[in-house]
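Side chains are part of it too, since the values below use all heavy atoms of this structure and drop only hydrogens, waters and symmetry mates.
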Amino acid sequence: MWMIVGLGNPGAKYELTRHNIGFLVLDYMKNLLNVNFANNFNALFAKATIEQHDCLLLKPQTFMNKSGVSVQSACSFYKINPQNIIVVHDELDVEFGEIRLKIGGGNNGHNGLKDISARLGNDYFRVRIGIGRPSIKGLEADFVLTNFNDEQLILLNKIIPLASESIISIIKNGLEKTNSSMKLKI
(Lines give C-alpha, C1' and ligand atoms only; values in the text may rest on other atoms or scores of the structure.)
Protein backbone atom coordinates (compact mmCIF):
# COMPACT_ATOMS: atom_id res chain seq x y z
CA MET A 1 0.00 0.00 0.00
CA TRP A 2 1.10 3.54 -0.78
CA MET A 3 0.31 6.64 1.24
CA ILE A 4 0.19 10.06 -0.40
CA VAL A 5 0.41 12.85 2.17
CA GLY A 6 -0.47 16.42 1.26
CA LEU A 7 0.87 18.95 3.76
CA GLY A 8 -1.07 22.03 4.76
CA ASN A 9 -3.03 23.68 7.54
CA PRO A 10 -6.75 23.09 8.15
CA GLY A 11 -9.33 25.86 7.88
CA ALA A 12 -10.58 28.37 5.32
CA LYS A 13 -8.03 30.94 6.52
CA TYR A 14 -5.20 28.86 5.05
CA GLU A 15 -6.96 27.33 2.05
CA LEU A 16 -5.08 29.16 -0.73
CA THR A 17 -1.81 29.86 1.07
CA ARG A 18 1.52 28.69 -0.30
CA HIS A 19 1.95 26.31 2.64
CA ASN A 20 -1.24 24.48 1.60
CA ILE A 21 -0.14 23.35 -1.84
CA GLY A 22 -0.04 19.75 -0.62
CA PHE A 23 -3.70 19.97 0.37
CA LEU A 24 -4.56 21.46 -3.03
CA VAL A 25 -2.88 18.56 -4.84
CA LEU A 26 -4.70 15.97 -2.73
CA ASP A 27 -8.04 17.72 -3.31
CA TYR A 28 -7.34 17.50 -7.05
CA MET A 29 -6.41 13.80 -6.75
CA LYS A 30 -9.52 13.08 -4.70
CA ASN A 31 -11.64 14.39 -7.57
CA LEU A 32 -9.51 12.67 -10.22
CA LEU A 33 -9.83 9.32 -8.44
CA ASN A 34 -13.51 9.89 -7.57
CA VAL A 35 -13.13 9.24 -3.83
CA ASN A 36 -14.32 11.10 -0.74
CA PHE A 37 -12.44 12.08 2.37
CA ALA A 38 -13.43 10.76 5.78
CA ASN A 39 -12.06 11.70 9.21
CA ASN A 40 -9.58 9.43 10.97
CA PHE A 41 -5.97 9.54 12.20
CA ASN A 42 -6.37 13.28 12.96
CA ALA A 43 -6.64 13.68 9.20
CA LEU A 44 -8.90 13.69 6.20
CA PHE A 45 -8.19 10.47 4.37
CA ALA A 46 -9.48 8.44 1.45
CA LYS A 47 -8.69 5.03 0.04
CA ALA A 48 -8.07 4.81 -3.69
CA THR A 49 -6.53 2.59 -6.33
CA ILE A 50 -3.80 4.00 -8.55
CA GLU A 51 -2.33 1.81 -11.29
CA GLN A 52 -3.63 -1.30 -9.46
CA HIS A 53 -1.97 -0.22 -6.19
CA ASP A 54 -3.95 0.38 -3.03
CA CYS A 55 -3.34 3.94 -1.87
CA LEU A 56 -4.28 6.15 1.03
CA LEU A 57 -4.63 9.90 0.50
CA LEU A 58 -3.96 11.77 3.74
CA LYS A 59 -4.39 15.44 4.66
CA PRO A 60 -3.23 15.88 8.30
CA GLN A 61 -5.54 18.16 10.28
CA THR A 62 -3.05 18.70 13.11
CA PHE A 63 -1.55 21.86 11.57
CA MET A 64 1.76 21.75 9.73
CA ASN A 65 4.09 21.49 12.73
CA LYS A 66 2.48 18.23 13.90
CA SER A 67 1.89 16.56 10.52
CA GLY A 68 3.82 13.50 11.63
CA VAL A 69 1.16 12.63 14.23
CA SER A 70 -1.35 11.76 11.49
CA VAL A 71 1.19 10.17 9.19
CA GLN A 72 2.60 7.95 11.94
CA SER A 73 -0.87 6.90 13.09
CA ALA A 74 -2.01 5.91 9.58
CA CYS A 75 1.32 4.16 8.86
CA SER A 76 1.01 2.14 12.03
CA PHE A 77 -2.60 1.14 11.34
CA TYR A 78 -2.03 0.17 7.69
CA LYS A 79 1.55 -1.14 8.17
CA ILE A 80 2.96 1.25 5.55
CA ASN A 81 6.74 1.54 5.26
CA PRO A 82 8.29 4.99 4.80
CA GLN A 83 9.57 3.84 1.38
CA ASN A 84 5.90 3.74 0.27
CA ILE A 85 5.06 7.27 1.43
CA ILE A 86 4.93 10.25 -0.93
CA VAL A 87 4.80 13.64 0.79
CA VAL A 88 3.62 16.62 -1.27
CA HIS A 89 4.78 19.98 0.08
CA ASP A 90 5.76 23.57 -0.66
CA GLU A 91 9.43 24.31 -1.25
CA LEU A 92 10.99 27.76 -0.78
CA ASP A 93 14.21 26.86 -2.61
CA VAL A 94 12.45 25.86 -5.82
CA GLU A 95 11.09 28.54 -8.12
CA PHE A 96 7.34 28.85 -8.56
CA GLY A 97 6.16 26.66 -11.43
CA GLU A 98 8.76 23.94 -10.89
CA ILE A 99 8.39 20.55 -9.22
CA ARG A 100 11.30 18.48 -7.96
CA LEU A 101 11.15 14.86 -6.87
CA LYS A 102 13.47 13.05 -4.51
CA ILE A 103 13.78 10.48 -1.74
CA GLY A 104 15.02 11.48 1.68
CA GLY A 105 17.25 14.41 2.49
CA GLY A 106 16.96 17.23 4.97
CA ASN A 107 13.88 19.24 5.81
CA ASN A 108 15.27 22.68 4.86
CA GLY A 109 13.46 24.22 7.82
CA HIS A 110 10.06 22.84 6.74
CA ASN A 111 8.30 22.02 10.01
CA GLY A 112 5.90 19.50 8.46
CA LEU A 113 8.80 17.47 7.06
CA LYS A 114 10.72 17.89 10.30
CA ASP A 115 7.88 16.33 12.30
CA ILE A 116 7.34 13.45 9.85
CA SER A 117 11.08 12.68 9.75
CA ALA A 118 11.35 12.79 13.55
CA ARG A 119 8.68 10.08 13.74
CA LEU A 120 9.44 7.93 10.68
CA GLY A 121 12.93 8.75 9.45
CA ASN A 122 13.80 10.43 6.13
CA ASP A 123 13.37 7.60 3.62
CA TYR A 124 10.14 8.75 1.98
CA PHE A 125 9.44 10.28 -1.42
CA ARG A 126 9.00 14.03 -1.70
CA VAL A 127 7.12 15.99 -4.31
CA ARG A 128 8.59 19.44 -3.76
CA ILE A 129 6.43 22.13 -5.34
CA GLY A 130 8.23 25.42 -5.78
CA ILE A 131 6.82 28.55 -4.20
CA GLY A 132 10.00 30.64 -4.44
CA ARG A 133 11.35 32.85 -1.69
CA PRO A 134 10.13 36.21 -0.43
CA SER A 135 12.01 39.22 -1.72
CA ILE A 136 13.21 40.10 1.81
CA LYS A 137 15.25 37.55 3.74
CA GLY A 138 13.81 36.61 7.11
CA LEU A 139 10.15 36.80 6.05
CA GLU A 140 9.83 33.14 5.06
CA ALA A 141 7.46 32.17 7.91
CA ASP A 142 5.03 34.93 6.93
CA PHE A 143 5.49 34.30 3.20
CA VAL A 144 4.40 30.65 3.31
CA LEU A 145 1.18 31.69 5.05
CA THR A 146 0.21 34.28 2.44
CA ASN A 147 -2.17 33.55 -0.41
CA PHE A 148 -1.04 32.93 -3.95
CA ASN A 149 -1.51 36.02 -6.13
CA ASP A 150 -4.00 36.03 -9.03
CA GLU A 151 -1.38 35.16 -11.66
CA GLN A 152 -0.10 32.27 -9.54
CA LEU A 153 -3.63 30.97 -8.96
CA ILE A 154 -4.05 30.69 -12.74
CA LEU A 155 -0.74 28.81 -13.06
CA LEU A 156 -1.76 26.43 -10.26
CA ASN A 157 -4.26 24.99 -12.76
CA LYS A 158 -1.21 23.57 -14.56
CA ILE A 159 1.06 22.89 -11.57
CA ILE A 160 -1.43 20.84 -9.55
CA PRO A 161 -2.27 18.36 -12.36
CA LEU A 162 1.46 18.04 -13.13
CA ALA A 163 2.20 17.23 -9.47
CA SER A 164 -0.61 14.67 -9.49
CA GLU A 165 0.75 13.10 -12.67
CA SER A 166 4.21 12.87 -11.10
CA ILE A 167 2.78 11.08 -8.04
CA ILE A 168 1.00 8.55 -10.23
CA SER A 169 4.21 8.04 -12.23
CA ILE A 170 6.26 7.42 -9.08
CA ILE A 171 3.80 4.72 -8.05
CA LYS A 172 3.72 3.19 -11.55
CA ASN A 173 7.31 3.67 -12.76
CA GLY A 174 9.52 4.61 -9.81
CA LEU A 175 11.40 7.83 -9.12
CA GLU A 176 14.26 7.52 -11.60
CA LYS A 177 12.02 6.88 -14.61
CA THR A 178 9.62 9.63 -13.52
CA ASN A 179 12.47 12.15 -13.20
CA SER A 180 13.87 11.21 -16.60
CA SER A 181 10.59 11.06 -18.51
CA MET A 182 8.55 13.99 -17.19
CA LYS A 183 8.92 17.72 -17.75
CA LEU A 184 8.39 19.06 -14.23
CA LYS A 185 8.30 22.76 -14.98
CA ILE A 186 5.55 24.91 -16.49
**Option passing side chain to side chain contact (heavy atoms under 4.5 Å, CB included) with Phe125 (candidates Val87, Asn84, Ile85, Leu175)** =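 Answer to the side chain to side chain contact (heavy atoms under 4.5 Å, CB included) test with Phe125 among Val87, Asn84, Ile85, Leu175: Leu175.
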What distance do [X] atom [atom1] and [Y] atom [atom2] have between them, rounded to the nearest 0.5 Å?
X      : Y      : atom1 : atom2 : answer
Leu57  : Asn36  : CG    : CG    : 11.0 Å
Glu15  : Leu24  : CD    : CG    : 7.5 Å
Asn149 : Ile154 : CG    : CD1   : 9.0 Å
Leu113 : Met64  : CG    : CE    : 8.0 Å
Leu92  : Arg133 : CG    : CZ    : 5.0 Å
Met29  : Ile167 : CE    : CD1   : 4.5 Å

**Message:** If you take the centroid of each ring, where Trp contributes its six-membered ring, are Trp2 and Tyr78 closer together than 6.0 Å?
**Reply:**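 Centroid distance Tyr78-Trp2: not below 6.0 Å, so no.
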**Message:** Tell me if the aromatic rings of Phe45 and Phe37 count as close, with their centers under 6.0 Å from one another.
**Reply:** no
Given side chains that start at C-beta, do those of [X] and [Y] come closer than 4.5 Å, heavy atoms only?
X      : Y      : result
Asn9   : Leu145 : yes
Cys55  : Met3   : no
Leu58  : Ser70  : yes
Val25  : Ile4   : no
Leu101 : Ser166 : yes
Leu7   : Asp90  : no
Tyr124 : Ile86  : no
Arg100 : Asn179 : no

Exceeds 12 heavy-atom contacts within 6.0 angstrom, atom [atom1] of [X]:
X      : atom1 : answer
Lys172 : NZ    : no
Lys66  : NZ    : no
Asn34  : CG    : no

Would you say [X] and [Y] are hydrophobically clustered, going by side-chain heavy atoms of ILVMFWY under 4.5 Å?
X      : Y      : answer
Leu153 : Tyr14  : yes
Met182 : Val94  : no
Val144 : Leu26  : yes
Val71  : Leu44  : no
Met1   : Ile170 : no

**Request:** Decide whether Asp115 and Ser67 meet the rule of one side-chain donor and one side-chain acceptor closer than 3.5 Å.
**Result:** no
**Asked** Asn108 and Asp93: side-chain donor and acceptor closer than 3.5 Å?
**Response**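 Per modelled atom types, Asn108 and Asp93 side chains form a pair under 3.5 Å.
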For the side chain of [X] and the backbone of [Y], is there at least one donor-acceptor N/O pair under 3.5 Å apart?
X      : Y      : value
Thr178 : Ser169 : yes
Ser181 : Lys177 : yes
Asn20  : Phe23  : no
Ser164 : Ile160 : no
Ser180 : Glu176 : yes
Gln152 : Asp150 : no
Gln61  : Lys59  : yes

**Message:** Salt bridge check, Glu98 against Arg128: does any charged N sit closer than 4.0 Å to a carboxylate O?
**Reply:** no
**Message:** Show, in sequence, the C-alpha distance, side-chain angles and deciding distance for Ile186 and Leu155, and conclude whether the side chain to side chain contact (heavy atoms under 4.5 Å, CB included) test is met.
**Reply:** CA-CA 8 Å; Ile186 59 165; Leu155 292 175; 3.8 Å; yes
For the residue pair [X] and [Y], what are the closest heavy atoms and their distance?
X      : Y      : result
Ile103 : Asp123 : CG2-C, 4.3 Å
Leu120 : Pro82  : O-CG, 3.6 Å
Asn122 : Ser117 : OD1-OG, 2.6 Å
Val127 : Ala163 : CG1-CB, 4.4 Å
Lys102 : Gly104 : CE-O, 3.0 Å

**Prompt:** Honestly, is Arg18 close enough over Phe143, meaning NZ or CZ under 6.0 Å from the six-membered ring centre and within 45° of the axis?
**Reply:** yes
**Asked** Taking the inter-plane angle between the rings of His19 and His110 on a 0 to 90° scale, is it parallel (under 30°), tilted (30 to 60°) or perpendicular (over 60°)?
**Response** tilted
